[in-house]
Amino acid sequence: PPPECLRGSTALRWLHTRSAGVDPYTAPGVLPSEAALTCSTGAYGHSVSEHLFALLLALMKRLPSYRDQQNRALWRDLGPVKTLLGAQVLVVGTGDLGSSFARLCRTLGARTSGVRRDPAKSAAGIECMYGFEALDTLLPAADVVALTLPQTPGTVRLFDKARLLRMKGDAILLNGGRGSCVDGQALAEVLADGRLWGAGLDVTDPEPLPPEHPLWRQPKALITPHTAGGNHLADTERRIARRTTCAAIWRGRRCATAFAETPPTEAVGAAPPATGERGQPGECQTRFYSPPVPPGPGERRLGQRRSGHRR
């Protein structure tokens, strides 16, 4: 339900969202302080990674420009294109979305690096992992920069104009996490100045992107209206249903002690609130976790070998 419909509710004890992000529901006053909040983290890696992969290949092969020529019945070679073979792909945010995207890139011969809050944690598809402090050093060497970050105080406008200018002059920027991570006005200016090969955006800030925004008229930008996730794949629906069921079981087992105990170590969820974030007096005290979900058909946990698989 829309967050505004929940304000003032007193009987609500648990809300599970179809989305992976829960930002609108953590604002002060949206949920009762005793309510639990769970989400569908892990359900969208398949759909979002394939969408980003399609945006990347389309930009590399100049497909949007060839479609523009087709609309004008124009037969003209547009020149050199790019390949993932040997390309350096930097994934910023290496959870389910980023890890799934990295695995796809490696199938075509790309080298992958990742940036995450805790670089000691590995992620499938990522060959080298770094902390955020290394981001500015990594950007000039990356042929592709893919953003799959959640929205936090530390990620808003993470890619401002200065950071965009640190990227390779012919790099490709992709954003499939949160639109707030990129300064859209600055990106439009950088593209207009002839820097970057292109930008593939499934998320923007704001959404919908206003008709007068310069990104709409930037030929090197490929924009989709936040459609990478949602219910566009039957597989995503199955994953959401499985996570909803597991959340209900998890909630039932833990409802008596959910606010007295530490989150289960196997759960994948948000980090504990930092100073200035949730948990301050007068703010929503909601604690939210994404409950552990057993792998479904075609899925497997990191480090788990397929039956009969040999290395």
Side-chain angles (χ1 to χ4, degrees), residues 48-93 97-98 101 104-105 108 110 112 135-136 138-149 157-228:
V48 174
S49 63
E50 285 191 352
H51 191 97
L52 288 179
F53 198 60
L55 290 177
L56 174 59
L57 291 180
L59 288 167
M60 282 187 153
K61 305 305 180 184
R62 302 183 185 269
L63 299 189
S65 297
Y66 280 115
R67 169 48 67 97
D68 291 342
Q69 287 195 168
Q70 179 180 332
N71 290 335
R72 293 181 290 153
L74 185 60
W75 186 285
R76 185 175 65 190
D77 190 325
L78 294 176
V81 296
K82 287 183 170 291
T83 178
L84 270 171
L85 182 61
Q88 180 64 56
V89 175
L90 177 63
V91 181
V92 186
L97 307 186
F101 175 74
L104 289 176
C105 290
L108 291 189
T112 58
L135 180 59
D136 286 342
L138 297 169
L139 285 176
D143 299 297
V144 177
V145 178
L147 309 180
T148 53
L149 291 164
R157 297 293 186 273
L158 180 66
F159 275 70
D160 55 11
K161 190 166 187 177
R163 193 153 271 141
L164 291 169
L165 290 174
R166 290 192 67 85
M167 294 174 59
K168 258 186 177 182
D170 63 344
I172 293 175
L173 177 69
L174 303 172
N175 192 6
R178 289 292 178 267
S180 60
C181 294
V182 176
D183 184 334
Q185 182 65 40
L187 176 59
E189 293 172 2
V190 168
L191 292 172
D193 289 342
R195 291 187 60 87
L196 303 186
W197 181 276
L201 310 173
D202 184 58
V203 290
T204 61
D205 185 27
E207 290 184 0
L209 195 64
E212 65 275 10
H213 199 286
L215 278 174
W216 283 123
R217 295 174 294 281
Q218 176 47 246
K220 293 200 292 183
L222 181 54
I223 302 171
T224 53
H226 206 148
T227 55

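Along the sequence shown, residues are numbered consecutively beginning with 1.
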Using side-chain contact (heavy atoms from CB on, under 4.5 Å), reason through L90 and L135 one step at a time and then give a plain yes or no. CA-CA 9 Å; L90 177 63; L135 180 59; 4.1 Å; yes

Distance-only, no hydrogens or angles: does the [X] side chain make a donor-acceptor pair with backbone N or O of [Y] under 3.5 Å?
X	Y	answer
T224	H226	no
D170	W197	no
D143	A87	no
Y66	L78	yes
D68	N71	no
R62	K82	no
W216	I223	no

Is any side-chain heavy atom of L84 closer than 4.5 Å to one of L57?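 Yes, side chains in contact.
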
Would one find more than 12 heavy atoms of other residues, nucleotides or ligands at under 6.0 Å from atom CZ of R67?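 No, not enclosed.
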
Who are the side-chain hydrogen bond (donor to acceptor under 3.5 Å, both in side chains) partners of D136, not counting sequence neighbours?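 Once residues adjacent in sequence are excluded, the partners of D136 under the side-chain hydrogen bond (donor to acceptor under 3.5 Å, both in side chains) criterion are R163.
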
Find the distance between CD1 (I172) and CG (L55) and round it off to the nearest 0.5 Å.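 Those atoms lie 10.5 Å apart.
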
Give, for atom CG of L52 and atom CG of L104, the distance between the pair rounded to the nearest 0.5 Å.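 Reported value, rounded in 0.5 Å steps: 9.5 Å.
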
Identify, with sequence neighbours excluded, every residue that meets side chain to side chain contact (heavy atoms under 4.5 Å, CB included) alongside K220.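 Checked K220 against side chain to side chain contact (heavy atoms under 4.5 Å, CB included); matches are L191, Q218.
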
Can you tell me if D205 and S180 form a side-chain donor-acceptor pair at under 3.5 Å?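 Absent: no donor and acceptor within the cut-off.
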
Can you check side-chain contact (heavy atoms from CB on, under 4.5 Å) on T112 and F101, steps first, answer last? CA-CA 10 Å; T112 58; F101 175 74; over 6 Å; no

